[in-house]
Amino acid sequence: MRDPSELVAGLPYLMGFRPRESLVVVAFGGASGRRITLTMRIDLPPPEHVPDVSRALAENVLRARPAGAAVIVLGDVDGGGAGSAAPFPPSPPPHLPLVTAVVDALARRGVDVHTRLWSASTEAGAAWACYDTCSCRGVLPDPDATPLAATAVAA
């Protein structure tokens, strides 16, 4: 993949459906450390469940013996459904406490989170933004035109 947006756009190919209002954790491993070894998805949890969800996700990621992971939040800025949000979120993107809790839970287990992203959806043209200090952002490419989609179709 050439940039983080292609990972988000490719999630439907990894999962078999278009996730919405979701937290997704993708584990990477293999000899190169770039092979996708596990993809997990859960509905965005209410704040009182964040600690338990973070611990459970981190424990499950360890089963894949990852070299690293990506944490991705999918959902409109205001949570009001498709098309209801502004094109780009405020900085930092929404759900920062959730992302921080998951990243911390993974770090306590020795898993490096190299990618932390938010996106309004997995649709072409959806806004995405990074939680990292780079504050990178953009719009998603056509999911059907990504390297991940081509790999999935070929497989």
Side-chain angles (χ1 to χ4, degrees), residues 1-30 32-47 50 53-54 57-58 61 64 66-107 111-155:
M1 290 177 268
R2 295 170 292 241
D3 68 52
S5 66
E6 290 182 350
L7 175 60
V8 177
L11 288 175
Y13 286 94
L14 291 173
M15 303 176 79
F17 66 97
R18 291 193 177 278
R20 297 178 351 183
E21 300 302 318
S22 299
L23 170 65
V24 178
V25 178
V26 180
F28 295 86
S32 69
R34 297 183 310 170
R35 181 174 177 223
I36 295 173
T37 57
L38 178 70
T39 304
M40 296 184 294
R41 181 232 159 252
I42 187 170
D43 289 345
L44 290 175
V50 167
V53 164
S54 299
L57 287 171
V61 166
V71 175
I72 303 164
V73 172
L74 298 165
D76 286 335
V77 173
D78 65 7
S84 66
F88 289 101
S91 186
H95 304 288
L96 179 60
L98 170 62
V99 171
T100 300
V102 173
V103 169
D104 289 349
L106 288 164
V111 178
D112 176 49
V113 177
H114 51 69
T115 305
R116 301 161 184 86
L117 301 171
W118 165 89
S119 183
S121 74
T122 58
E123 301 288 333
W128 70 271
C130 183
Y131 288 96
D132 295 328
T133 56
C134 67
S135 299
C136 51
R137 55 182 57 220
V139 295
L140 295 186
D142 177 357
D144 296 334
T146 64
L148 187 56
T151 302
V153 170

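The structure presented is a predicted model; accordingly, all values stated were derived computationally and were not measured. The figures that follow rest on heavy atoms only: side chains count, while hydrogens, waters and symmetry mates do not.
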Would you name the heavy atoms of [X] and [Y] that are closest together and state the gap between them?
X	Y	result
V8	S121	CG1-O, 4.0 Å
A27	P66	CB-CB, 4.0 Å
P93	W118	CB-CB, 3.6 Å
A127	S119	O-OG, 3.0 Å
A64	L38	CB-CB, 3.8 Å
A69	L106	CB-CD1, 4.4 Å

Just wondering, do [Y] and [X] contact through their side chains at under 4.5 Å, heavy atoms?
X	Y	answer
P19	T122	yes
E6	P147	yes
I36	F28	yes
V73	P94	no

Rounded to the nearest 0.5 Å, what separates atom [atom1] in [X] from atom [atom2] in [Y]?
X	Y	atom1	atom2	value
T39	L14	OG1	CG	4.5 Å
T146	L7	OG1	CG	9.5 Å
L44	E21	CG	CD	5.5 Å
S54	I42	OG	CD1	9.0 Å
W128	I72	CH2	CD1	11.0 Å

Is there a side chain to side chain contact (heavy atoms under 4.5 Å, CB included) between L11 and V26? Walk through the geometry before answering. CA-CA 9 Å; L11 288 175; V26 180; 4.2 Å; yes
Paired with L23, the side-chain contact (heavy atoms from CB on, under 4.5 Å) test is passed by just one of V71, L74, V50, namely V71
Listed partners of T100 passing side chain to side chain contact (heavy atoms under 4.5 Å, CB included), at least two apart: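 Partners of T100 by the side chain to side chain contact (heavy atoms under 4.5 Å, CB included) criterion, ordered by chain and then number, come out as L96, D104.
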Applying side chain to side chain contact (heavy atoms under 4.5 Å, CB included), can you list everything that pairs with D144, at least two apart in sequence or on another chain?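 Only Y13, D142 meet the side chain to side chain contact (heavy atoms under 4.5 Å, CB included) criterion with D144.
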Could you tell me whether R18 atom CZ has more than 12 heavy atoms of other residues or ligands within 6.0 Å of it? yes
Determine whether more than 12 heavy atoms belonging to other residues, nucleotides or ligands lie under 6.0 Å from atom CZ of R41.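 Enclosed.
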